[in-house]
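In what follows, chains are A, B, ... by sequence order, proteins preceding strands, each numbered from 1. When reading the values below, keep in mind they use all heavy atoms of this one structure, side chains included, and skip hydrogens, waters and symmetry mates.
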Protein chains: 2
Amino acid sequence: MTTEPLSRARIVTAAIDLIEREGADAVSMRRIAAELGVGVMSLYNHVPNKDALLNGVAEAVLSEIEFTDDPDADWTDRVRTQARAFRQIAHHYPRCTMLVVSRQLSSAAGLLPVERALATLRSAGFDGPDAVRVVRLFIAFIVGSLLREVGVTPTFAPVHHRHLAGAEAVDPALFPEVSALAPLLGACDHDAEFEFGVELLIQAITVLHAREEGAR
Amino acid sequence: MTTEPLSRARIVTAAIDLIEREGADAVSMRRIAAELGVGVMSLYNHVPNKDALLNGVAEAVLSEIEFTDDPDADWTDRVRTQARAFRQIAHHYPRCTMLVVSRQLSSAAGLLPVERALATLRSAGFDGPDAVRVVRLFIAFIVGSLLREVGVTPTFAPVHHRHLAGAEAVDPALFPEVSALAPLLGACDHDAEFEFGVELLIQAITVLHAREEGAR
DNA sequence: AGGGGGGACGTACACCGTACGTACCCTTTC
DNA sequence: GAAAGGGTACGTACGGTGTACGTCCCCCCT
């Protein structure tokens, strides 16, 4: 049996697999070591501590985003594409999403998406401050969307037909709107919801863009 | 000494205090018990387990949002006000924000904000599906903003002048835009950033609103 | 007065992250 | 060839965690 040498990369991918298979709570150094058929303390030869390992996981996931940027396309299309690319994480690594979103990584992995977004906006004619503002707006929207999609943020979905028609659903007297719109709130087409948000944002920054062009 | 009887409420507020004082990592059943001058296992007479306790914390924080809704105001003003009210949590309980945002609570506490938002939008003339979409859009934006504000989400701030002018900052060859805009990325006026986003979103849904009115 | 239920508490267990010491192997140097 | 050195794997051990379980005591109700 060719037991290839332990390495940071192997540890990180083992952690990712474990998280996707059993959830973030299942992650422990012992568990990962067992997964790799290795002593617990051997991990520490390649990773300073658990926290750094989780940062590694976040970076690895983040750096798998495929940015196929076509510089000739319309800037709105490029923005659309980049936003969708970012959202891919939630599909490829649903249970790692929380991790990616909830640790700030000062490494290069985290900077690439920003670089691309800024380049797109700058080349479209936005000035520096506006480009930064718009990027932050998009990131906030995408992060919030991913969290909802991953099932973690308050979807604020009502009790969602707890199994049967649990009569204890929502008190229509206290929450008239919520209970009236319960069917809509209970279901969520994440794709459609995301696209709606992206289009709305793009349209909004388009008028910002027009204003800048006009002022020029 | 009038040692008032242990209660779920007392436990939850002790947890909130502890989190705000020492951060979420400091929370342990033993720690909270010590804080209350009480045996560890006594807590379990009022709270089924730690997870439920943290849910209680999230609900308590969430339910402290002050919604002073003026039904006579312009609907855009009401939306603005509600968005800002939600953001207040980040200021009152900065270190609890992550908790509020990262657990889905199916209790009534989580439904109130949605109820208010839906009511505002419906009374402004949005139909059901659009109202739900818009609420979700706003929640995504606000959640994402709060996470950034609380310092947890990838601000994607570059190395932020690590102490001195650390020459290892950002490679301008790899990240030209990021390094060019580093001063802007390094600083973030959260208030301004939030207002920018809210105004842009409101403006965007205003045209959606106009379209609906026109079709009527 | 007696009985019963609920709250407070101590002990115990399985698991966690990781500091530290040890044994091995592989490479480099004489 | 031998010796020396460094990096890797590993076991043990410590202080911490959540919580299951059993015991005690007090208060209230009959």
With a cut-off of 6.0 Å (strictly less than), are more than 12 heavy atoms of other residues, nucleotides or ligands near CG of B:D189?
yes
Using a 6.0 Å cut-off, check whether atom CG of A:D70 has over 12 heavy atoms from anything other than its own residue.
yes
Whole angstrom is fine here: how far is it from [atom1] in [X] over to [atom2] in [N]?
X: A:R10; N: D:dT8; atom1: CZ; atom2: C1'; value: 13 Å
X: B:H46; N: D:dT19; atom1: NE2; atom2: P; value: 17 Å
X: B:N49; N: D:dA20; atom1: CG; atom2: P; value: 8 Å

Chain A on DNA chain C: first and last contacting nucleotide, 5' to 3', under 4.0 Å to a heavy atom?
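So the contact region on DNA chain C extends C:dC16 to C:dC20.
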Sequence neighbours left out, what passes side chain to side chain contact (heavy atoms under 4.5 Å, CB included) with B:S42? Give chain and number order.
B:L6, B:V38
Give every donor-acceptor pair under 3.5 Å between a side-chain atom in residues 173-184 of chain B and any protein atom, sequence neighbours left out.
residue: B:S179; atom: OG; partner: B:F175; partner atom: O; Å: 3.3
residue: B:S179; atom: OG; partner: B:P176; partner atom: O; Å: 3.2

Charged N-O contact under 4.0 Å between A:E22 and A:R31:
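Yes.
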With A:D191 via side chain to side chain donor-acceptor pair (under 3.5 Å) - residues at least two apart:
A:R87
For the backbone of B:L36 and the side chain of B:R10, can you confirm whether one donor and one acceptor N or O come within less than 3.5 Å of each other?
no
Are the side chain of B:E20 and the backbone of B:R95 linked by a donor-acceptor contact shorter than 3.5 Å?
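Yes, the answer is positive, given that a donor and an acceptor are paired below the 3.5 Å cut-off.
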How does protein reach along nucleotides 12-17 of chain D, written 5' to 3' as B (base within reach of a heavy atom under 4.0 Å), S (only sugar-phosphate), or - (no contact)?
BB---B
Picking from B:L146, B:L201, B:L200, what satisfies side chain to side chain contact (heavy atoms under 4.5 Å, CB included) with B:F141?
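Between B:F141 and the candidates, side chain to side chain contact (heavy atoms under 4.5 Å, CB included) is satisfied uniquely by B:L201.
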Remember a base hit wins even if backbone is also touched, and classify B:V38 as base, sugar-phosphate or nothing at under 4.0 Å, heavy atoms.
sugar-phosphate
So which of residues 16-25 of chain A are in contact with DNA chain D, with a heavy-atom cut-off of under 4.0 Å?
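Within this stretch, nothing sits under 4.0 Å of the strand.
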Compute whether any side-chain donor of one residue and acceptor of the other, for B:T76 and B:R80, lie under 3.5 angstrom apart.
yes
